[in-house]
*Asks:* 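The following block contains the structure, expressed as structure tokens.
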Amino acid sequence: MTFAVHGLPVARGIAIGRAVLVVSSRLDVAHYFIKPEEVEAEIDRLRVARNAVAEELQKLQASVALMGPNEAPHELSALLEVHLMLLQDEVLTSGVKHWIVERLYNAEWALTTQLEVVARQFDEMEDEYLRERKADLEQVVERLLHRMKGTAAVLAPTPPRRKRTAEDDDSDPTAGDAIDAPLVLIAHDLSPADMLQFKKSVFAGFVTDVGGRTSHTAIVARSMDIPAVVGARSASQLVRQDDWVIIDGDAGVVIVDPSPIILAEYGFKQRQGDLERGRLARLRHKPAVTLDGQRVDLLANIELPEDTLGAVKAGAVGVGLFRSEFLFMGREAQRLTRLPDEEEQYQAYKRAVEGMQGMPVTIRTIDVGADKPLDGKSVRDDAHLNPALGLRAIRWSLADPAMFLTQIRAILRAAAHGEIHLLIPMLAHATEIRQTLSLIDFARAELDNRGTVYGNVKLGAMIEVPAAALTLRIFLKHFDFLSIGTNDLIQYTLAIDRADESVAHLYDPAHPAVLRLVAETIAECRRQGKGVSVCGEMAGDVAFTRLLLGMGLRSFSMHPSQILAVKQEVLRADTSKLSGWVQQVLEADDPASLLTPAPQ
Ligand code: PEP
Ligand code: MG
């Protein structure tokens with residue numbers, strides 16, 4: 001039966017495919033695809049773990065048998081028997097094998113997937129005793145997962161797919177076998193580290209129950225340029241493994257088990273989107289110049305050095321924001337050292353510089369904390385009540401100077417290979433600025449002492465906290481350029497957690513207070529002849545392009561996938577005619593009502 005689930009649109013377009021459910025287990029499990037030749041070894045890993053757990057349970061049973069009824073009630077022995085039965089259960093074992101063989105899931109993912117399938121069957125049982133066996137099954141699976149920890153295979157993120165042939169019917173996406181169908185990811189939540197893992201894989205779209213428009217999970221989705229909906233509340237409960245799903249990333253709607261008529265309608269929309277993308281692609285080599293001859297820099301936001309490929313392809317004239325923290329995240333799942341050392345970071349930054357072929361690269365120092373935990377686990381589960389207001393970004397770096405110095409040295413060394421701008425996130429206090437600058441000097445001195453070659457960098461600060469936007473004078477004394485992080489500036493100005501879907505309706509980039517802080521930052525930088533750019537999501541939102549141009553902005557940094565649409569707006573704008581309208585917008589109680597249609 002067809003039904004729809006509503007959420008927040010975060011990445012445009014239509015995706016049609018079979019659902020891959022990533023269930024959240026109490027245990028943190030890695031999700032990755034194995035290679036076909038690794039199937040046997042993966043099944044073996046599972047078998048070894050199952051035998052070990054069986055032995056463990058049998059030993060427990062034996063020790064229970066030796067105890068008296070006061071020490072160990074009879075039920076305990078019966079319970080262990082149930083666990084042993086569940087461990088050997090055919091539905092569980094053959095199901096897990098199915099996900100490994102047919103979908104090339106790693107064993108842990110296959111286990112949690114099958115657990116979810118079976119758990120739903122338990123939920124539907126009439127018999128209360130049987131329904132309660134679900135908890136036992138969960139315990140058995142957790143035992144298995146514990147056993148398998150540390151024996152994970154090396155990451156292989158791209159599953160091989162059967163090529164479509166001329167005989168395949170392209171008009172009906174649901175035709176053909178399941179392995180050939182596009183896959184869409186449905187999860188309760190995905191950490192940015194999980195997203196990174198999926199970034200190189202084949203998913204055609206994704207949906208999460210939680211998250212706001214500018215949560216970091218949504219941001220990574222946007223960088224993947226696949227349709228996505230977040231904050232879809234109960235999607236992961238309502239959708240089942242392998243269901244056909246349509247993700248409408250423009251409207252924020254997820255349609256489950258669509259009828260042929262709905263499928264045809266969305267198939268048409270999908271083709272229209274492809275045509276539009278094809279049309280925009282013609283602008284790739286056109287310089288971004290307004291009708292009145294103002295040159296505008298359209299830069300790329302990237303998460304990994306390899307993203308420079310897409311940035312160059314999209315016509316970016318540099319990287320305006322390299323979110324370096326993604327080099328530090330999800331390392332446990334990849335069995336890497338906890339933090340990348342200086343050499344590893346240096347190589348990564350150098351690759352980014354080389355990837356941009358002589359164009360500048362802005363590297364932001366590590367910004368972890370809040371909704372970007374280092375290793376998958378949610379910071380929100382910790383005792384912190386307000387992680388977004390806690391130890392995050394530069395605060396984190398200043399709290400761990402050795403880690404910060406390692407990163408600065410690596411960036412300075414990479415600057416010997418090309419133009420690097422060093423950007424510091426979330427500064428608010430003059431003392432933080434002083435400490436940061438003296439650590440940068442210290443890193444230079446360390447390299448001098450070592451006799452290591454390094455280059456010059458321009459120094460920039462992000463304006464993400466209202467306190468910073470209100471004390472620009474202090475920032476402009478010390479920095480060569482500023483970059484406005486509107487995602488956080490909105491979060492902190494309006495006191496709205498950007499990752500919380502329950503207040504997403506109040507997260508408003510067009511709030512008069514936000515617009516004023518943005519406009520004043522741009523104006524002050526221009527007055528003082530300092531560079532200024534916007535690198536939050538607002539820069540890639542065409543609804544704001546003319547407003548930002550009218551405020552005097554000439555440098556926009558966004559996901560490569562947004563560059564061409566923004567360029568189209570730039571090419572159609574005449575900045576000499578925008579000032580009156582910008583003034584009206586800035587003075588309005590409801591600026592959003594004046595944003596569309598924007599004047600030429
Ligand atoms: C921002 O806050 O606008 C920004 C660009 O940084 P991030 O989204 O990584 O917090
Ligand atoms: Mg930020």
Side-chain angles (χ1 to χ4, degrees), residues 10-11 191-193 195-196 211-224 230 298-304 307 318-329 361-374 379 387-397 421-428 432 460-469 481-500 504 507-511 514-515 517-518 521-522 532-541 544 548 553 555-560 562 566:
V10 290
S191 70
M195 286 299 296
L196 211 56
R213 255 177 242 269
T214 60
S215 62
H216 285 95
T217 301
I219 285 175
V220 182
R222 221 165 279 142
S223 78
M224 288 162 76
V230 300
L298 300 181
L299 305 153
N301 288 358
I302 64 168
E303 278 91 37
L304 293 173
D307 295 342
V319 167
L321 176 67
F322 176 176
R323 289 183 162 99
S324 69
E325 56 274 15
F326 283 87
L327 296 174
F328 293 70
M329 295 188 319
V361 176
T362 308
I363 303 177
R364 179 178 69 185
T365 58
I366 185 168
D367 177 1
V368 283
D371 71 332
K372 279 186 288 192
L374 268 187
V379 179
L389 304 181
L391 195 64
R392 198 197 141 178
I394 190 61
R395 302 170 183 180
W396 182 298
S397 296
H421 303 169
L422 174 57
L423 182 61
I424 311 293
M426 229 187 134
L427 288 162
E432 288 174 327
M462 290 195 71
I463 301 299
E464 304 188 273
V465 183
F481 70 97
L482 299 182
S483 188
I484 309 175
T486 47
N487 305 336
D488 278 315
L489 190 60
I490 297 165
Q491 155 164 273
Y492 296 125
T493 304
L494 304 180
I496 297 299
D497 186 335
R498 60 194 267 195
D500 184 348
Y507 186 92
D508 180 13
H511 189 289
V514 172
L515 295 183
L517 293 175
V518 171
T521 305
I522 296 170
V532 59
S533 134
V534 170
C535 63
E537 297 301 295
M538 195 190 257
D541 185 343
F544 288 95
L548 292 170
L553 191 74
S555 172
F556 295 62
S557 194
M558 67 204 83
H559 300 288
Q562 297 166 319
V566 171

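All figures in this text were calculated on a predicted structure; none of them were measured in a lab. Whatever order the structure lists ligands and atoms in, that order sets their numbers, starting from 1.
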*Asks:* Please report the shortest heavy-atom distance between Ala510 and Leu515, naming the atom on each side.
*Replies:*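 Smallest heavy-atom distance, with atoms named: O-CD1, 3.7 Å.
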
*Asks:* Examine the proximity of ligand 1 to Ile219 and report which part, side chain or backbone, both or neither, has a heavy atom under 4.0 Å away.
*Replies:* side chain

*Asks:* Please could you name the atoms of ligand 1 that Gly485 approaches to less than 4.0 Å, counting only its heavy atoms?
*Replies:*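 Listed by number with element, the hits are 1 (C), 2 (O), 3 (O).
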
*Asks:* Tell me the nearest of Arg498, Arg323, Met558 to atom 10 (O) of ligand 1, using heavy-atom distances.
*Replies:*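 Heavy atom nearest to atom 10 (O) of ligand 1 belongs to Arg498.
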
*Asks:* Where is the tightest heavy-atom contact between Phe544 and Pro509, given as atom of each residue plus distance?
*Replies:*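 Residues Phe544 and Pro509, closest heavy atoms: CZ-CB, 3.7 Å.
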
*Asks:* Give me the atom names and distance for the closest heavy-atom approach of Gln562 to Gly540.
*Replies:*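 Shortest heavy-atom contact: OE1-CA, 3.7 Å.
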
*Asks:* I want to verify a count. Protein N, O or S atoms less than 2.8 Å away from the Mg ion (ligand 2), how many are there?
*Replies:* 2

*Asks:* Flag the pair Asp488 and Arg392 as a salt bridge only when some basic side-chain nitrogen lies within less than 4.0 angstrom of an acidic carboxylate oxygen.
*Replies:* yes

*Asks:* For Leu321, take its heavy atoms, then give the atoms of ligand 1 lying under 4.0 Å from any of them.
*Replies:* 5 (C)

*Asks:* When you compare ligand 1 with Glu537, is there at least one nitrogen or oxygen pair between them that comes in under 3.5 angstrom?
*Replies:* no

*Asks:* Using only atom types and a distance under 3.5 Å, with no angle test, would you say the side chain of Asn487 pairs donor to acceptor with the backbone of Glu537?
*Replies:*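 Confirmed, Asn487 side chain pairs with Glu537 backbone.
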
*Asks:* Could you check whether any side-chain N or O of Ser324 sits under 3.5 Å from a backbone N or O of Arg364, counting only pairs where one atom can act as donor and the other as acceptor?
*Replies:* yes

*Asks:* Provide, to 0.1 Å, the distance between atom 6 (O) of ligand 1 and the closest protein heavy atom, together with that atom's residue and name.
*Replies:*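 So the nearest neighbour among protein heavy atoms is Arg364 NH1, 2.9 Å.
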
*Asks:* How far is atom 7 (P) of ligand 1 from its nearest protein heavy atom, and which residue and atom name does that atom have?
*Replies:* His216 NE2, 3.3 Å

*Asks:* Identify, by atom number and element, the atoms of ligand 1 in contact range of Asp488, meaning under 4.0 Å from any of its heavy atoms.
*Replies:*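 Within the 4.0 Å cut-off of Asp488, ligand 1 contributes 1 (C), 2 (O), 3 (O), 10 (O).
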
*Asks:* What do we get for Arg392 next to ligand 1 when only non-hydrogen atoms under 4.0 Å count, side chain, backbone, both or neither?
*Replies:*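 The answer is the side chain of Arg392.
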
*Asks:* So which heavy atom on Glu325 is nearest to which on Thr365, and how close?
*Replies:* OE1-O, 4.2 Å

*Asks:* Counting only heavy atoms, which portion of Asp367 has something under 4.0 Å from ligand 1: side chain, backbone, both, or neither?
*Replies:*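 The answer is the side chain of Asp367.
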
*Asks:* Heavy-atom contacts under 4.0 Å between Met462 and ligand 1: side chain, backbone, both, or neither?
*Replies:* side chain

*Asks:* Which atom names give the shortest non-hydrogen contact between Gln491 and Arg498, and what distance separates them?
*Replies:*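 Nearest pair, atom of Gln491 first, then Arg498: OE1-N, 2.8 Å.
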
*Asks:* Any chance you could measure Ile424, atom CD1, to Leu482, atom CG, to the nearest 0.5 Å?
*Replies:*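 It comes to 12.0 Å.
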
*Asks:* Only counting residues at least two apart or in another chain, list the ones meeting ring-ring contact (aromatic ring centres under 6.0 Å, His included) with Phe481.
*Replies:*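 Listed in chain order: His421.
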
*Asks:* If the cut-off is 4.0 Å to any non-hydrogen atom of Cys535, which atoms of ligand 1 fall inside it?
*Replies:*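 By the 4.0 Å cutoff, the relevant atoms are 5 (C).
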
*Asks:* Arg395 side chain to Gly390 main-chain N or O, any donor-acceptor pair under 3.5 Å?
*Replies:*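 Yes, the answer is positive, given that a donor and an acceptor are paired below the 3.5 Å cut-off.
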
*Asks:* Write down the atom of Ser223, the atom of His559, and the distance for their closest heavy-atom approach.
*Replies:* CB-ND1, 3.4 Å

